[in-house]
Amino acid sequence: MKYQYWAPEVETMPRPALEAVQLEKLKTAVGWALRTPFYRERLSGAGIKSADDIKTLGDVKRIPFTTKHDLREAFPYGLLSIPKEEVVRLHASSGTTGTPTTIYFNREDIKRWTGYVARCIYGTGCTGDDVFQNMITYGLFTGGLGMHAGGEEVGMLVIPSGAGNTTRQFRLMQDFGTTVVHATPSFLLHVESIMRAEGVGRGSIKLKRAFAGAEPYSEDTRKRIEGLLGIDVYNSYGLSEMNGPGVAFECQAKNGMHLWEDGYIGEIIDPETLEPLPDGETGELVLSCLCREATPILRYRTRDLSAFYTEPCACGRTHRRLRRITGRTDDMLIINGVNVFPSQIEEVIMSMREVGNNYLIVVEKEGVLDRLTVKVEVGPDIFMDDARPLNALREKIRKTIQASITISPRVELHEPGALPISEGKAKRVQDSRPKDI
Ligand code: AMP
Ligand code: ZN
């Protein structure tokens, strides 16, 4: 196979040179971080008072970890390192409605980010001749605008179709000869089943490739999508805290995702002891962003479980590869690609006086998509035989949850005492989705 590189010198740079680049960029990023109230305090506590206190790449380990909790505490501007007038964009984690983890970009940050995304896209064999339909949510979520910009940078025709509306997606594919799509793996499976149901012939579309990410999926799922649609599927990993897509991506060898180490420093740690683990061992991925000035984030605990491959990649790139993400070390659920913490749902339910004390969050597969149901016991003052107030309450819960997590759940109301009470630690989440979709 002939592999193509967007930035050949950087992508195939010998490791010592790459590590020298990382050290330089780490110093710069520490300088940016020291301008923020949050890191000034954190870093000075660790004896890092200026960028020059970073002397070797190993010094990254002197930097204390940053967590999602820290980002929330620092909201809204505790992590901003530049004057507000220089900020040109903000993004947030999927499933949040703007507040808790907000990331700011200046013009250069957007350019750098776009460069990494272009590198990922080009590395899968795409060129300016391709037509790219970005079937993912646009908005605060980074997957829309982030992949969009990368596609334009490569010179592809980019169709900002957004997520959902499968029938319209087919129309666009047929009308404009789409060759590449970006979607969650579950939406790709959904697309295939609707294609079959609506009798859309494979011959009527020109699809060759898909970028699939935003949620975990197995190698078997990838193979299934590839087989059903007759395309190549590339795994795309990113998170808003590290800009969004473009952090790690599969090349045409399709064997692990290259982490762009000139833009990010990756470590795998034991989530219990927080000690670093050697390449090859599975643990929590910790990432430092070397390429965003406006909101520097260093040693971020992603909570994602992965490992670094030890053997070099057939494509010749020297940037280490991450294994497919296999799970998380916290209770975050990913529902159709949207991040949801059970506590967000609990907050909504518990804030309503009409609601009782017990509830259950159920996540299951409905066809190939995820379905969220929230089962709630009503309070003692609500009569279960009076349909009107019940319907109103159900709708109120549904709308308020949707406003908080962006997903509309199915809401079931139950009589007081009807939901199971677990002995010991309450089990509020029932996730019956098979590991392998
Ligand atoms: P967000 O900040 O909304 O972009 O969400 C980022 C999170 O989505 C990551 O921390 C992962 O848990 C998950 N995620 C993104 N891409 C993938 C992928 N390719 N495989 C597994 N999980 C992913
Ligand atoms: Zn490779």
Side-chain angles (χ1 to χ4, degrees), residues 1-6 8 11-12 67-68 71 91-98 100-103 113 119-120 122-125 136-137 139-147 182-186 188 210-219 221-222 233-261 266 284-287 289 297 300-306 309 311-341 405-407 435 437:
M1 168 154 341
K2 176 139 176 30
Y3 297 100
Q4 61 181 33
Y5 314 112
W6 181 251
E11 292 178 47
T12 61
T67 62
K68 216 173 188 80
L71 302 188
H91 276 290
S93 193
S94 65
T96 67
T97 36
T101 54
T102 309
I103 307 299
W113 176 25
R119 207 190 270 188
C120 298
Y122 195 74
T124 65
I136 210 119
T137 313
L140 288 177
F141 177 53
T142 56
L145 288 175
M147 287 298 271
H182 172 219
T184 60
S186 34
L188 287 173
F211 311 137
E215 62 187 14
Y217 61 113
S218 65
E219 191 55 38
T221 299
R222 180 235 293 273
V233 173
Y234 295 93
N235 197 358
S236 156
Y237 173 76
L239 58 163
S240 48
E241 294 83 356
M242 296 292 126
N243 295 329
V247 176
F249 220 87
E250 280 179 327
C251 66
Q252 283 176 293
K254 285 203 271 186
N255 182 19
M257 305 176 285
H258 288 284
L259 171 73
W260 299 125
E261 294 184 271
E284 182 179 327
L285 176 64
V286 170
L287 289 171
C289 188
I297 298 188
Y300 181 66
R301 289 190 60 184
T302 65
R303 302 286 181 172
D304 290 320
L305 286 171
S306 184
Y309 283 105
E311 69 284 8
C313 187
C315 75
R317 288 179 179 84
T318 48
H319 300 237
R320 285 179 301 166
R321 284 163 304 147
L322 285 170
R323 204 190 55 203
R324 184 178 284 288
I325 310 292
T326 47
R328 297 200 35 105
T329 64
D330 63 6
D331 61 351
M332 187 180 92
L333 299 160
I334 306 187
I335 302 174
N336 291 325
V338 176
N339 302 349
V340 176
F341 285 95
I405 64 170
T406 74
I407 302 178
K435 276 255 172 281
I437 48 173

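It should be emphasised that the depicted structure is a prediction, and the values quoted were computed from it without experimental measurement. Just so you know, ligand 1 is whichever comes first in the structure, and atom 1 is the first atom listed for that ligand.
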Considering all heavy atoms, the nearest G238-V247 contact: CA-CG2, 3.9 Å
Less than 2.8 Å from the Zn ion (ligand 2) is the window; count the protein N, O or S atoms in it. 4
Can you name the nearest heavy-atom pair linking M257 to Y237, along with the distance? SD-CB, 3.6 Å
Mind checking ring-ring contact (aromatic ring centres under 6.0 Å, His included) for F341 and listing every partner two or more places apart, or none if nothing turns up? none
Ligand 1 atoms nearer than 4.0 angstrom to some heavy atom of F141 are 3 (O), 4 (O)
For atom 12 (O) of ligand 1, which protein heavy atom lies nearest, and how many Å away is it? D304 OD1, 2.6 Å
Worked verdict on E250 versus R222 for salt bridge (charged side-chain N to carboxylate O under 4.0 Å, His left out): CA-CA 12 Å; E250 280 179 327; R222 180 235 293 273; 2.7 Å; yes
Identify, with sequence neighbours excluded, every residue that meets side chain to side chain donor-acceptor pair (under 3.5 Å) alongside R321. none
Any idea how W260 and H319 line up, ring-wise: parallel (<30°), tilted (30 to 60°), or perpendicular (>60°)? perpendicular
Would you say A214 touches ligand 1, if touching means a heavy atom closer than 4.0 Å? yes
Check this for me - ligand 1, N235, N or O atoms closer than 3.5 angstrom, yes or no? yes
If you apply the rule side-chain contact (heavy atoms from CB on, under 4.5 Å), what do you find for I334 with T184, and how did you get there? CA-CA 11 Å; I334 306 187; T184 60; over 6 Å; no
Just how far is it from atom NZ of K254 to atom CG of N235, taken to the nearest 0.5 Å? 11.0 Å
How many angstroms lie between CG in L305 and CZ in R324, if you round to the nearest 0.5 Å? 14.5 Å
Residue, atom name and distance, where the atom is the protein heavy atom closest to atom 1 (P) of ligand 1: N339 ND2, 3.6 Å
Need the ligand 1 atom indices (1-based, order shown) with element for anything under 4.0 Å from a heavy-atom of G238. 6 (C), 9 (C), 15 (C), 16 (N)
Between I407 and N336, does a side-chain contact (heavy atoms from CB on, under 4.5 Å) hold up when you go through it step by step? CA-CA 9 Å; I407 302 178; N336 291 325; 5.9 Å; no
Under-4.0 Å heavy-atom contact with ligand 1, by part of E215 that carries it: backbone
What part of L239 sits under 4.0 Å from ligand 1 if we count only heavy atoms: the side chain, the backbone, both or neither? both
How about E215 and S186: does a side-chain donor come under 3.5 Å of a side-chain acceptor? yes
Near R328 (heavy-atom distance under 4.0 Å), the atoms of ligand 1 are 10 (O), 12 (O)
Of A212, S240, G143, P216, which has the heavy atom at the shortest distance from atom 4 (O) of ligand 1? S240
What are the atoms of ligand 1, with element, lying closer than 4.0 Å to any heavy atom of G213? 19 (N)
Given the options Q252, R320, H258, C313 meets side-chain contact (heavy atoms from CB on, under 4.5 Å) only with H258
Which of the numbered atoms in ligand 1 are below 4.0 angstrom from a heavy atom of I325? 20 (N), 21 (C)
Using a 3.5 Å cut-off on N or O atoms only, is M332 in polar contact with ligand 1? no
Please identify which atoms of ligand 1 are closer than 4.0 Å to at least one heavy atom of S236. 16 (N), 17 (C), 18 (C), 19 (N)
Counting only heavy atoms, which portion of I334 has something under 4.0 Å from ligand 1: side chain, backbone, both, or neither? side chain
Taking distance alone, with N or O pairs closer than 3.5 Å, would you say S93 contacts ligand 1? yes
Kindly determine whether E241 and K68 satisfy salt bridge (charged side-chain N to carboxylate O under 4.0 Å, His left out), including the steps that lead there. CA-CA 9 Å; E241 294 83 356; K68 216 173 188 80; 2.8 Å; yes
Kindly write out the residues that satisfy side-chain contact (heavy atoms from CB on, under 4.5 Å) with A212, not counting sequence neighbours, or none if the list is empty. P185, L188, Y217, V233
